[in-house]
Amino acid sequence: MTPPTPDLIPAPRSVGTPSPDGPLLDAGTVLWAGPGTGTTERALRATLGAAFGLALPPGPADTPGAVRLLVDDTLPPEGYRLTTRAADGVEIRGGDPAGVFWGAQTLRQLLGPHAFRRAPVAPGGPPRLPELTVEDAPRFRWRGVMLDVARHFMPKDGVLRHLDLMAAHKLNVFHFHLTDDQGWRVEIERWPKLTATGSWRARTKFGHRASPLWEEKPHGGFYTQDDIREIVAYAAERHITVVPEIDVPGHSQAAISAYPELGNTDVIDTASLSVWDSWGVSPNVLAPTDNTLRFYEGVFEELLGLFPSEFVHIGGDECPKDQWRRSPAAQARITELGLGDEDGLQSWFVRHFDTWLADRGRRLIGWDEILEGGLAPGATVSSWRGYAGGIAAARSGHDVVMCPEQHVYLDHRQDGGADEPVPIGYVRTLEDVYRFEPVPPQLTPEEARHVLGTQANLWTEVMENPARVDYQAFPRLVALAEVAWSALPAPAERDFDGFERRMTAHYRRLDALGVGYRPPTGPAPWQRRPGVLGRPIEGAPPNR
Ligand code: ACM
């Protein structure tokens, strides 16, 4: 009999030659969970309990056929060894609790697509496991996804589901883009108007900004602090860190509409501003005043109480300097502090929060514009306008997360065809994402160590609901997960055909999870948005 091919995604480091007749989990299977493996114990009972009705009651480690979980610190961080033996049951050893958890995700994939359902659909319980040994560990420690919940709000249930989907793909950093010109999504108790006023808009542009269409109904929503605590704890239970982003000093029109004194009041009538209902880069940016600094220190103080993450993202991208050029107050600040110009002013603003966060034991991360005017000493860079910002940052000894828009902006269209819904940006196919390399060849090995990893970014201007987010994210996020986790060869040598073959099995898992991915043959009729204008970038044709 041909050995079963497990079709694991992301591809593990090694799978010992599998043979078909491994253990069978059934009603009698007990679960022994060693110290530090509680998250995986709960996850296995919850997922396999729901999918197959397996109770997995606790039992001694030496029970024949048991599932055993243990931490073994001779294995690498987040690494694991999964062993399945007919005579001996299942053992998952992890280098740390996260490693055990990732090993359990592999076990779930070995149990077939029904393991991803929330109630049993097939009689007879799970299929017999193959007999094998999987040895595995991640390439990068930062395997992320950024979700923009400001342009279109993702209700809490959708965020929790998104975390489940991340966990199933061994992704471990959820970058939560909580504020922008079009909405403020996190409750700040000392500044209640941020959500009372800033969390909704009266209408919304439908399509890219050149589209003449509007959705003439209010759009909004926000997470209470208890919602945030729930999201953070739910993520932690899945070994996912939530990195919050509060975007300053640009992308701040929602905050200014709630508290007009935050804007450049000597240039425009900020009291007449409302939460923005269209797309692009708003010229309405924060005033570089002490009042603004104190206001945002208050915001970040509450945020630090909610998010234990080492990193806190302060945005820093796309801050048009026109209002600062025209503002006597901003110009006086530049002169007073000897900052030279408006770039210096932005840099001063970012440095303030770099020091403020460092004093509280946290690390600042920002988009690569924070390089302009000089990088703050402790800053880490999200390199989005290509590789250049990340290369410059790594060369000067700063850490980097590689997420260039030319490669891993999943809001960009995934095919050049006319049926893509609201097509924007570059064509980036599943294969393009699979061949994305986070570490540019220009870096020396020592510089390359500053590349913490990579993330995909999901901006939601043209994703008006969670189904649209599913469509843009999947299947490409699966390829990104493999790029971030697996030890793949150089881009040209990657076995995309093999990945596509494994995707055949993985689509069945995504079906069971209820993910509205883009089918390989193109969008289903209900996934199209005929007549809604996008903004394809010319000169970026499909390259396959
Ligand atoms: C960005 O895409 N403005 C970071």
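Counting starts at 1 for both ligands and their atoms, following the listed order. These numbers come from the heavy atoms of this one structure, side chains and all, not from hydrogens, waters or symmetry mates.
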Counting non-hydrogen protein atoms only, what is the nearest one to atom 3 (N) of ligand 1? Give residue, atom name and distance.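 Going by distance alone, atom 3 (N) of ligand 1 is nearest to D317 OD2, 2.7 Å.
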
In ligand 1, which numbered atoms sit nearer than 4.0 Å to a non-hydrogen atom of [X]?
| X | value |
| --- | --- |
| Y409 | 1 (C), 2 (O), 4 (C) |
| W459 | 1 (C), 2 (O), 4 (C) |
| E318 | 3 (N) |

Flag, side chain of D368 to backbone of R385, donor-acceptor distance under 3.5 Å: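 Yes; judged by distance alone, with no hydrogens or angles, the pair exists.
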
With no hydrogens and no angle check, just 3.5 Å: does a side-chain donor-acceptor pair link E78 and W485?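 On atom types as modelled, these side chains do not qualify, holding no pair under 3.5 Å.
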
E461 vs R209, salt bridge (Lys or Arg N to Asp or Glu O under 4.0 Å): CA-CA, chis, key distance, verdict: CA-CA 9 Å; E461 289 94 333; R209 57 180 174 269; over 6 Å; no

Does any part of the side chain of T179, heavy atoms only, come nearer than 4.5 Å to the side chain of S252, both counted from C-beta?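 No, too far: nothing below the 4.5 Å cut-off.
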
